[in-house]
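Note that the numbering runs from 1 along the sequence shown for the chain.
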Amino acid sequence: MEIKLLKALGGVALLVVFVFFSLFPQLKPDWIHLGRERGAPTAVGDEASVLDPKSAAACFERSAKHIAEEKWDRAITELNEVLRLEPDHVDARYLRGIAWHGQRQFDKAIADLDAVLRVRPQEVDALYIRGEARAELGQITSALADLDAAIRLVPDYAAAHCYRGKLREEARDYRGALADYQQATRLDPDDPWALNNLAWVLAAAPEAELRNGSLV
């Protein structure tokens, strides 16, 4: 029984990872390769085929597939049921935060991610997504705090550097934006967003001393 439980939990963890990197490919580390063309997981462990379809585990599995396909409403319906059955299911709240974000219901996304971070304060990707949601609501100071925290936890978090650079650029902190874009491109030299933003600052920053390609 313990072996079956461990296998099922391992499958859930793998599915959460798959869904997250399907939605946020810019955050995917070099060592992980996920996607249908690479044989991505389609079931939660070996027990998926015998799950009670009304169980929290089955609802969670279906919700993850809906999120991977950006079917936000269906995912939220399934996750609501998971949380009705298991109110302390942190992974379900995390996925629901992603689904609310996908629906651009940023207040609800933040509420779910707040709950996740109260339990897992070092959940770096939850910090990043909450930072994005806060920025979308104009809560720039709080968004920057989330990105700062994510970078403190994972200094080589290229996407967090890039997004923080964007917020700094919009706040007219071009020197800070330049530093973040440079770091993002060092960490991920193939990121077109970071490269484009870096090129713009070097070419058009209002501060003349920053308009210098030698700073790359």
* Does Arg62 use its side chain to pair, donor to acceptor, with the backbone of Arg74 at less than 3.5 Å? -> no
* Structure fact -> Note: Tyr163 and Ala135 closest approach over all heavy atoms is OH-CB, 3.5 Å
* Asked: For Asp156, what residues pass the salt bridge (charged side-chain N to carboxylate O under 4.0 Å, His left out) criterion, not counting sequence neighbours?
  -> none
* Separation of Leu198 CG from Trp193 CH2 (nearest 0.5 Å) -> 13.0 Å
* Check Asp173 against Gly176 and note the closest heavy-atom contact, atom names and distance. => OD1-N, 2.9 Å
* Worked check of side-chain contact (heavy atoms from CB on, under 4.5 Å) between Leu137 and Ile110 -> CA-CA 10 Å; Leu137 293 175; Ile110 290 168; 3.7 Å; yes
* Asked: With Asp73, which residues qualify under salt bridge (charged side-chain N to carboxylate O under 4.0 Å, His left out), at least two apart?
  -> none
* To do: Decide side-chain contact (heavy atoms from CB on, under 4.5 Å) for Ile129 and Leu113; before the verdict, give the C-alpha distance in whole Å, the side-chain angles of both, and the deciding distance to 0.1 Å.
  => CA-CA 8 Å; Ile129 300 167; Leu113 295 168; 3.8 Å; yes
* Minimum heavy-atom distance between Val82 and Phe60, given as atom pair plus value -> CG2-N, 3.5 Å
* Verdict with reasoning, Ile76 to His66, per side-chain contact (heavy atoms from CB on, under 4.5 Å) -> CA-CA 9 Å; Ile76 289 166; His66 291 322; over 6 Å; no
* Asked: Is it the case that Asp191 and Tyr181 place a side-chain donor and acceptor less than 3.5 Å from each other?
  -> no
* Structure fact -> On a heavy-atom basis, the closest approach of Ala75 and Ile67 is CB-CG1, 3.4 Å
* Could you list the residues that satisfy salt bridge (charged side-chain N to carboxylate O under 4.0 Å, His left out) with Lys71, not counting sequence neighbours? => Glu69
* Asked: At what distance, to the nearest 0.5 angstrom, does CG of Leu167 lie from CZ of Arg134?
  -> 12.5 Å
* So, Thr185 side chain and Gln182 main chain: donor-acceptor pair closer than 3.5 Å or not? -> yes
* To do: Take atom CZ of Arg120 as the centre, draw a 6.0 Å sphere, and report whether it contains more than 12 heavy atoms from other residues, nucleotides or ligands.
  => yes
* Taking His89 for its side chain and Ala56 for its backbone only, find out whether a donor-acceptor pair lies under 3.5 Å. => no
* To do: Verify the neighbour count for atom CD of Gln122: are there more than 12 heavy atoms of other residues, nucleotides or ligands below 6.0 Å?
  => no
* Asked: Would Glu169 and Lys166 pass as an ion pair if we require N to O under 4.0 Å?
  -> no
